[in-house]
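For reference, the structure discussed in these notes is given below.
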Amino acid sequence: MRLLVTGGAGYVGSVCAARLCEAGHEVVVVDDLSSGHADAVPGGCRFVEAELSDVADSLLAEGFDGVLHFAAKSLVGESMQDPSKYWHGNVVTTLRLLEAMRKHEITRLVFSSTAAVYGQPDTIPIPEDTPAQPTNTYGATKLAMDHAIESYATAHGLAATSLRYFNVAGAYGAYGERHAVETHLIPIVLQVALGQREYVQIFGDDWPTQDGTCVRDYIHVADLADAHLRALELAQPGRHRIYNLGNGTGFSVKQVVDTCRQVTGHPIPARVSPRREGDPASLVASGERARQELNWQPHRAELDTIVRHAWEFAHAHHRD
Ligand code: UFG
C-alpha cells in the first residue's frame with residue numbers, strides 16, 4: 001500500500017513508519033518537527049517537513065491507499081494551560097485531514113487515540129465500552145477526534161480504527177523516545193541512571209493501590225506498531241472500530257523504578273513528592289477486543305524487556 005504517516009518523525013510514528021517499510025509498504029512521512037526529529041524518519045521513507053493542516057490537501061491529491069495519523073500535541077499539563085494549542089493543533093488539523101481524505105477518496109485511516117479519554121474509570125481492566133470521561137484537555141481533544149472519525153466512517157464510508165494506547169514504552173532499534181521536555185516515567189528514571197537527573201520523584205505513595213503508588217499498563221512500542229499494521233489490513237468501509245492497546249497487567253511506579261534499577265545496575269535514588277494533578281490511581285487495559293478482532297498479541301510484554309530496550313536506546317542517544 002502507499003501510505004501517509006503523519007507525525008512519523010515522533011516516537012510512536014517513527015517506529016510504525018519503520019515497521020510499515022519493513023512490511024513492504026511505500027511510506028511518506030509528514031511532520032513539522034515541532035516535537036519530532038528529522039533523523040528519526042526511517043531511511044526508506046520520503047519525508048515532507050510541513051504542518052499537516054497546510055499540506056493535507058495537496059499531499060493527499062497525490063493518491064494514497066491509507067493514512068496513519070500520529071501527529072498531535074500530547075502533553076497533559078500543557079493541554080490544561082494552553083487549550084487552544086490542543087483544540088487547534090489536534091482537532092482542527094484532524095478535521096482538515098478528514099476533509100482532504102474525503103475529497104481525494106482515501107478510505108483507510110488508523111488513528112492514535114489514548115487511554116486518557118477514559119479519565120478515572122471505576123472498572124479495571126478497562127474495556128472499550130467504558131464511558132469516556134476525560135479529565136484533561138488532551139484526552140478531550142482525542143475523544144473529539146474519535147467522534148469526528150466515527151461520523152466520517154458512517155457518512156462517507158471511511159474504514160477507520162482508533163487505537164487507544166495505554167503507557168507506551170521501550171524502543172525499536174534506532175527508534176525510541178526523545179522528548180525535549182520529558183514527562184514520562186520510564187525515560188525519566190533512565191535519565192537518573194545516566195546521571196542527567198539526581199533522583200526520580202514518585203508522585204504520591206498514598207494511592208489506593210497495593211504499594212500506594214500509581215499503577216499503569218506499559219506496552220512495548222513495537223507491539224503497538226504491530227497492532228497498527230493489523231488494523232490497517234482489517235479495516236472495513238463504513239466501520240469505525242476502537243481498540244484498547246495494553247498488556248492487561250499493571251505495574252506500580254515503585255515496581256517500574258525497581259525494574260530500572262535491576263536492568264541498569266544503577267541505584268537510582270527516588271523521593272516521594274505530592275500527587276500530580278489529574279493522575280488516576282490505576283489504568284490497566286482489557287485487551288480482549290484487540291486479541292479477538294485484530295488477532296493481535298503482544299510479544300514483548302515483560303516489563304524488564306520493555307525497560308531494557310528503552311535503556312539501550314537512552315544509552316545510545318543521551319548526547320543527542
Ligand atoms: N510518574 C512519577 N514520576 C515522574 C513521572 C511520572 O511518579 O517523574 C508517575 C505518574 O504519576 C503516573 C506514572 O508515573 O502515575 C506514569 O506517568 P507517565 O507520565 O509516564 O504517563 P501517564 O500515565 O500520565 O500518561 C500516559 C500517556 C497518556 C495516556 C496514559 C494512558 O502520556 O497519553 O499514559 O495510560 F493516556
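Note: hydrogens, waters and symmetry copies are ignored here, and every other heavy atom, side chains too, is used. Residue numbers start at 1 and run along the sequence shown. When a ligand or atom number is given, it counts from 1 through the structure's own listing order.
- Ser53 meets the side-chain contact (heavy atoms from CB on, under 4.5 Å) test with Glu51, Thr93, Arg96; sequence neighbours excluded.
- Pairs of residues two or more places apart, or lying in two chains, that qualify as salt bridge (Lys or Arg N to Asp or Glu O under 4.0 Å) and include a residue from residues 24-35 are Arg2-Glu26.
- Using a heavy-atom distance under 4.0 Å as the criterion, the protein contacts of ligand 1 are Thr114, Ala115, Ala116, Tyr138, Phe166, Asn167, Thr183, His184, Leu185, Ile188, Gln201, Ile202, Phe203, Cys214, Arg216, Tyr218, Val253, Arg276, Asp279, Leu283.
- The side-chain heavy atoms of Val256 and Arg216, taken from C-beta on, include no pair separated by under 4.5 Å.
- Screening Thr161, Asp146, Asn244 for a side chain to side chain donor-acceptor pair (under 3.5 Å) with Ser113, the sole residue that qualifies is Asp146.
- A salt bridge does not link Glu233 with Arg230: none of the charged nitrogens is closer than 4.0 Å to a carboxylate oxygen.
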Compile the donor-acceptor pairs under 3.5 Å between side chains in residues 280-290 and protein atoms, sequence neighbours left out, one pair per line.
unit_1 : atom_1 : unit_2 : atom_2 : d
Glu288 : OE1    : Gln292 : NE2    : 3.1
Arg289 : NH1    : Ile242 : O      : 2.8

